[in-house]
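Notes to accompany the following structure.
Quick note: residue numbers are just sequence positions, from 1. Just so we're clear, the structure is a prediction, and the values are computed from it rather than from any experiment.
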Amino acid sequence: VRFRVHTRRTELSGYPSNVFAAPWEKDPARLYGGVRLMLVPSQVAEAYGRVAIEALGHGVPVLASGVGGLPENAAESSWLVEDYRSPAAWCAAFGAAWGRSPAAREAAYGFAQERRRVVEAQHDDLVARLSFLLGRGAGCGDV
């Protein structure tokens, strides 16, 4: 298994030969193209964890730390490592997720599509409410 680490560093010294550095990528389609499983080994309680949603949106299942907002954003189509500070827990979780990742691609994409649909509905509702208030001549102080 080859591991690609996107980083601003050009070299990863001291890592096994199957781990290589790739430049920082702005284009999500290029970043996630050919990726079978996205690892998100966060050690801090990130509020959102955007990379998980991006990966799912490109049909890439996610194996993420069970911390912060990641459990919410890496849902049924992904896997969580509850003991995220344990290398042994990551190894065990990786083996299981890697084996099931091809079947999880469709679920990952479906999850992201549903999240996108919910966000668009919330946006439409907000616009309708603001239009109603502004149509009544209500200012921000009247809300």
I'd like to check [X] versus [Y] (side-chain heavy atoms, cut-off strictly below 4.5 Å). Are they in contact?
{"X": "W90", "Y": "L63", "answer": "yes"}
{"X": "I53", "Y": "Y48", "answer": "yes"}
{"X": "Y32", "Y": "V51", "answer": "yes"}

* Go through L37 and W79 one step at a time and tell me if the side chain to side chain contact (heavy atoms under 4.5 Å, CB included) criterion holds. => CA-CA 10 Å; L37 180 66; W79 302 275; 3.8 Å; yes

If you look at every heavy atom in [X] and [Y], which pair is closest and at what distance?
{"X": "P71", "Y": "G68", "result": "CD-O, 3.2 Å"}
{"X": "E82", "Y": "G66", "result": "OE1-O, 3.9 Å"}
{"X": "V67", "Y": "A45", "result": "CG2-CA, 3.7 Å"}
{"X": "A52", "Y": "V62", "result": "O-CG2, 3.8 Å"}
{"X": "L80", "Y": "S65", "result": "CD2-O, 4.0 Å"}

[X] [atom1]: over 12 foreign heavy atoms closer than 6.0 Å:
{"X": "F20", "atom1": "CZ", "answer": "yes"}
{"X": "R50", "atom1": "CZ", "answer": "no"}
{"X": "R129", "atom1": "CZ", "answer": "no"}

* **Geometric class of the F3/F94 ring pair [parallel <30°, tilted 30-60°, perpendicular >60°]** => tilted

* Asked: How long is the gap from CZ on R4 to CE on M38, to the nearest 0.5 Å?
  -> 7.5 Å

* What distance separates L31 CG from H58 NE2, expressed to the nearest 0.5 Å? -> 8.0 Å

* Have Q43 and Y84 got a donor and an acceptor in their side chains that come within less than 3.5 Å? -> no

* Common cluster, V1/V19, ILVMFWY with side-chain heavy-atom separation under 4.5 Å -> yes

